[in-house]
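The next block holds one structure in the form of structure tokens; read it before the comments.
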2 protein chains.
Amino acid sequence: MTYDTYMPHAPASRDEPVPRATTTVPASACRPAPLAGDLRVAVTRATRRLRLERSSDQITDTQYAALAALANRGPMTTTALAEDQHVQTPPMSRTVAALVDSGLVRRDEDPTDGRQTVLSITDAGMTEVKETRRRRNAWLAQRLAELDPADREILARATVLLERIATS
Amino acid sequence: MTYDTYMPHAPASRDEPVPRATTTVPASACRPAPLAGDLRVAVTRATRRLRLERSSDQITDTQYAALAALANRGPMTTTALAEDQHVQTPPMSRTVAALVDSGLVRRDEDPTDGRQTVLSITDAGMTEVKETRRRRNAWLAQRLAELDPADREILARATVLLERIATS
DNA sequence: ACGATGTCGTTACCCTAGGTAATGACCTAT
DNA sequence: ATAGGTCATTACCTAGGGTAACGACATCGT
């Protein structure tokens, strides 16, 4: 079993110029308080819009997120997975149970600690991640392909910043 | 009753240079397909993280989103509100009912079409929007204040792009 | 060595919030 | 006038958050 070396975080370095962009924003929209409101609404609306594009999938958003975490970060316990996803352990336990029932995740007992069970993604699970990732990203990738390359770079940099904010 | 002139969309104009930023991204992360995966994960994770900061609120995420839409865009029907929020009419009808029960939204019959009811935000609703916006944004605004100004500009531009994607 | 305490995972149950189906009220077009 | 379309609501299902409680196991203190 190999795990994707998926690393959205890029190393930070100062004074990188961004080439050109197709949008301008007033300086007032860059102040923390107004930006917080705009960004919150935009992220919420984008999440809802993305949800529309998962109709024919066999796996839910939550299940995919957990499975992708196992694919990206390797085996871990239920509690660690819950912390990674910022949810409580009981709901994560239920999500994991669904993935185990589907044969996408395997439970292995920790030899040194009988309380813990280590969760690993199965080959079927990894196949599902790759296929689901491709299918789910299709719509968004199409929208992104229609953007100016400079706008895609804006979003790529914003992705790093959003990840940084989400993990703080 | 006055409505906030809240306009996250900035007019588009080409060839605007972005000053400096504290992050770099590899060119591969700017291609549509990889960026779609990264961006989807980042937006999903950011949404979950933001949800952690609403503990003591009296109003739910969904209710606030609907109320804010009425505050920002003015009176509209239940169906129009559902379309704006990308949900079906029945769930929106239920959300509206909760807001009416709380006295934050008022139903007015359309004088020319007995089927329709026009929803308007009340003074109490507008107060609630302003207070909730301030309270909910506090955490995010603090995170944003810690960023480099150039990074905030990246996020402000990304906000416009996300709104554009969400409404496409 | 053994009991008290703490931790991991699960189950049970509540709530919010998506979805579809069906219905009633009303409008519109033939 | 009536048939069909539209708006809003209600009823019901499912997913997925939360807390409480419990069993199994580990660890620590005496």
Side-chain angles (χ1 to χ4, degrees), chain A residues 44-67 69-70 75-102 105-120, chain B residues 44-67 69-70 75-102 105-120:
Chain A
T44 303
R45 289 172 62 89
T47 299
R48 267 198 294 266
R49 183 61 185 86
L50 285 169
R51 186 171 45 218
L52 294 179
E53 301 300 325
R54 64 173 182 87
S55 43
S56 66
D57 289 355
Q58 297 298 315
I59 195 173
T60 66
D61 270 338
T62 302
Q63 288 175 20
Y64 173 68
L67 196 60
L70 286 175
M76 67 182 90
T77 66
T78 301
T79 298
L81 193 52
E83 286 176 1
D84 179 77
Q85 298 289 305
H86 293 111
V87 298
Q88 298 301 311
T89 303
M92 180 54 73
S93 177
R94 180 174 45 186
T95 299
V96 166
L99 291 170
V100 170
D101 287 346
S102 304
V105 164
R106 184 182 59 247
R107 282 198 188 96
D108 293 312
E109 294 182 4
D110 186 317
T112 70
D113 188 338
R115 296 170 304 179
Q116 296 189 104
T117 59
V118 177
L119 306 172
S120 308
Chain B
T44 302
R45 288 172 63 88
T47 299
R48 267 199 295 264
R49 183 63 184 85
L50 285 168
R51 186 172 43 219
L52 294 179
E53 300 301 324
R54 64 175 182 85
S55 42
S56 66
D57 289 354
Q58 297 299 315
I59 194 172
T60 67
D61 270 338
T62 302
Q63 288 174 18
Y64 172 69
L67 196 61
L70 286 175
M76 68 183 90
T77 67
T78 301
T79 298
L81 192 53
E83 286 177 0
D84 180 76
Q85 299 289 306
H86 294 111
V87 298
Q88 298 300 312
T89 304
M92 180 54 72
S93 177
R94 180 175 44 189
T95 299
V96 166
L99 291 170
V100 170
D101 287 347
S102 303
V105 164
R106 183 180 60 247
R107 283 198 188 95
D108 294 310
E109 294 183 3
D110 186 316
T112 71
D113 187 339
R115 297 169 303 178
Q116 297 190 104
T117 59
V118 177
L119 306 172
S120 308

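Predicted model, so just to flag it, every value in this text is computed and none were measured. Proteins come first, then strands; the chains are lettered A, B, ... in the order of their sequence lines, and each starts at number 1.
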Evaluate the criterion side-chain contact (heavy atoms from CB on, under 4.5 Å) for residue pair B/L119 and B/R107; output intermediate values, then yes/no.
CA-CA 5 Å; B/L119 306 172; B/R107 283 198 188 95; 3.7 Å; yes
Residue closer to the 5' end of DNA chain D, A/T62 versus A/P111 (nearest nucleotide)
A/T62
Return the value, rounded to whole Å, for the distance between atom CD of A/E109 and atom P of D/dA26.
10 Å
Closer than 4.0 Å, any side-chain N/O of A/T60 to the OP1 or OP2 of D/dA15?
no
Can you tell me how far the CG atom of A/L81 sits from the OG1 atom of A/T95, to the nearest 0.5 Å?
8.5 Å
Carefully, step by step, assess A/M92 and A/T89 under the rule side-chain contact (heavy atoms from CB on, under 4.5 Å).
CA-CA 5 Å; A/M92 180 54 73; A/T89 303; 5.5 Å; no
Could you state the atom-to-atom distance from CD of A/Q85 to P of D/dA15 in whole Å?
18 Å
Which atom of B/L99 lies closest to which atom of B/A66, heavy atoms considered
CD1-CB, 4.2 Å
Round to a whole Å and report the spacing from CG of A/L81 to P of D/dG16.
14 Å
When rounded to whole Å, the CD1 to P distance for the pair B/I59 and C/dT16 reads 13 Å
In whole angstrom, what separates B/Q63's CD from C/dC15's C1'?
12 Å
Length of the CG-P vector between B/D61 and C/dA17, whole Å
8 Å
Grab the CG-P distance between A/D101 and D/dA15 for me, whole Å please.
12 Å
CD of B/Q88 to OG1 of B/T79, rounded to nearest 0.5 Å, is 10.0 Å
For A/A69 versus A/M76, what's the shortest heavy-atom pair and its separation?
O-CE, 3.9 Å
Value in whole Å for how far the P atom of D/dA24 lies from CG of A/D110
19 Å
Using rotation axes that map the C1' atoms of four end pairs onto the next four (five pairs an end), what angle separates the end axes of the helix from C/dA1-D/dT30 to C/dT30-D/dA1, to 10°?
10°
Protein heavy-atom contacts under 4.0 Å, written 5' to 3' over nucleotides 4-12 of chain C as B (base), S (sugar-phosphate only) or - (none), form the string --BBSSBB-
